[in-house]
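Notes follow the structure.
To find a chain, count down the sequence lines: A is the first, B the second, and so on, and within it residues start at 1. Only heavy atoms go into these numbers, but all of them, side chains included; no hydrogens, no water, no symmetry mates.
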Number of protein chains: 2
Amino acid sequence: MNTSIATFIKEKRKQLKLTQPELAEKAGVGIRFVRELEQGKQSVRLDKVNQLLDLFGSELGVIQKTN
Amino acid sequence: MNTSIATFIKEKRKQLKLTQPELAEKAGVGIRFVRELEQGKQSVRLDKVNQLLDLFGSELGVIQKTN
DNA sequence: CATTTTTATACCCATTAGGGTACAAAAATA
DNA sequence: TATTTTTGTACCCTAATGGGTATAAAAATG
C-alpha cells in the first residue's frame, strides 16, 4: 500500500463524505492545516496529525522505509 | 511491541552506542530536539522526526491504534 | 453551460518549536 | 566515593506553524 499520510487522510475523509472544513472541525484543527497536510506538507506538527488520525482509529508510528 | 517513537529512537541510538549529541549531529538536528523527543514530547515537527528515523532506515507512517 | 460546492492561495498575527548555550542532576566508571 | 560522562532543565531568540478570513480557482451538480 505504502499510503502516504496525506493520501491516507484524504481517502479516509472521502470515505466518510466529509469536506475539509468538516473534518477540521471534527478533529479540532484548522482548515488550513487539513489542506496543507493533504497536500503533503512535511513540516507539520505530530500532535496535530494524530488529532486527525484519531478520527480514523489510527496514529503515527515508526515504519520501515520502503526504499 | 507497540514501541513509541520516543523509545524506538532511544533504543536504536543505544544500539549504535551513540550519545544524544552524537545522534543529533548525525541527523542534523539540535540536541534539545533529540532530548525532548526521547522524553515523549508530542508537539514536535514531523520532518524533524523523520530526519532522525532516516538514520535507522525508518520513517513515520500511519498505523492502526492499539486501543 | 450556469450555479453551487469544494478546494487552493494569500494575507495578517499570536504562539511556539527548535537552535544555542550554560548549568544542574543523574548515571556510568575508575 | 571521587571523577567523568551523559542526560535533563532553564533561559533567550528567531523562524515558521497554524489559526482566522477573504478571495480565486477548480470541481461538482443542476
Side-chain angles (χ1 to χ4, degrees):
Chain A
M1 292 244 177
N2 193 8
T3 315
S4 77
I5 299 168
T7 56
F8 177 85
I9 288 181
K10 193 168 202 166
E11 287 175 6
K12 279 289 183 181
R13 175 174 65 79
K14 300 219 158 174
Q15 280 178 25
L16 300 187
K17 298 201 187 316
L18 296 174
T19 65
Q20 290 172 341
E22 286 167 344
L23 181 66
E25 181 176 77
K26 269 184 180 289
V29 301
I31 302 171
R32 260 199 35 220
F33 176 76
V34 172
R35 292 191 173 146
E36 291 176 336
L37 183 59
E38 286 194 359
Q39 285 172 77
K41 185 179 182 184
Q42 292 297 310
S43 58
V44 289
R45 271 174 53 176
L46 195 120
D47 56 341
K48 296 285 173 184
V49 180
N50 277 330
Q51 267 181 259
L52 277 171
L53 291 178
D54 193 55
L55 293 177
F56 311 127
S58 47
E59 64 184 340
L60 287 182
V62 179
I63 63 175
Q64 199 63 18
K65 250 191 161 177
T66 60
N67 280 339
Chain B
M1 289 242 177
N2 192 11
T3 315
S4 78
I5 299 168
T7 55
F8 178 86
I9 288 182
K10 193 168 201 167
E11 286 175 5
K12 280 288 185 183
R13 175 174 65 79
K14 300 219 157 174
Q15 279 178 25
L16 301 187
K17 298 203 188 313
L18 296 173
T19 65
Q20 290 172 341
E22 286 167 345
L23 180 66
E25 180 176 79
K26 269 185 180 288
V29 301
I31 301 171
R32 260 200 32 221
F33 175 76
V34 172
R35 292 189 173 147
E36 291 176 336
L37 184 59
E38 286 194 358
Q39 285 172 74
K41 186 180 181 184
Q42 291 298 308
S43 58
V44 289
R45 272 174 51 177
L46 195 116
D47 57 340
K48 295 287 172 183
V49 179
N50 277 331
Q51 268 181 260
L52 277 171
L53 292 178
D54 193 56
L55 294 177
F56 311 126
S58 47
E59 65 185 339
L60 287 182
V62 179
I63 63 174
Q64 199 62 20
K65 249 191 160 177
T66 60
N67 279 341

Can you tell me the distance, in whole Å, between the CD1 atom of Ile31(A) and the P atom of dA10(C)?
17 Å
Please round to the nearest 0.5 Å and tell me the distance separating atom CD of Glu22(B) and atom CD1 of Ile31(B).
10.5 Å
By the 4.0 Å heavy-atom rule, please label Gln39(B) as base, sugar-phosphate, or nothing.
sugar-phosphate
Which nucleotide in dG8(D), dT6(D), dG18(D) has an atom nearest any side-chain atom of Thr19(B)
dT6(D)
When the distance from NZ of Lys41(B) to C1' of dG8(D) is rounded to whole Å, what number comes out?
14 Å
What is the distance from atom NZ of Lys41(B) to atom CD1 of Ile5(B), rounded to the nearest 0.5 Å?
14.0 Å
dG19(C) OP1/OP2 closer than 4.0 Å to side-chain N/O of Lys48(B)
yes
Distance check needed: dT5(D) P versus Leu18(B) CG, whole Å only.
17 Å
Which heavy atom of Val49(A) sits nearest a heavy atom of Phe33(A), and at what distance?
N-CZ, 3.8 Å
Euclidean distance, atom CD of residue Glu36(B) to atom P of dT7(D) [Å, nearest integer]
15 Å
Here the distance between atom C1' of dT16(C) and atom CG of Asp47(A), to the nearest Å, is 11 Å
Do the side chain of Arg45(B) and the base of dA17(C) come within less than 3.5 angstrom through a donor-acceptor pair of N or O atoms?
no
Classify the side chain of Arg32(A) and the base of dG20(D) as holding, or not holding, a donor-acceptor pair under 3.5 Å.
yes
Once you round to the nearest 0.5 Å, how far does CD of Gln39(A) lie from NZ of Lys10(A)?
7.5 Å
For Gln51(A) and dG19(D), what is the distance between atoms CD and P respectively, to the nearest whole Å?
8 Å
Quick one: is dT17(D) close enough that its OP1 or OP2 comes under 4.0 Å of any side-chain N or O from Arg35(A)?
no
Against the side chain of Pro21(B), the closest entry in dA17(C), dT7(D), dT6(C) is dT7(D)
Residue mapping more 5' on DNA chain D - nearest nucleotide basis, Gln20(B) or Val29(A)
Gln20(B)
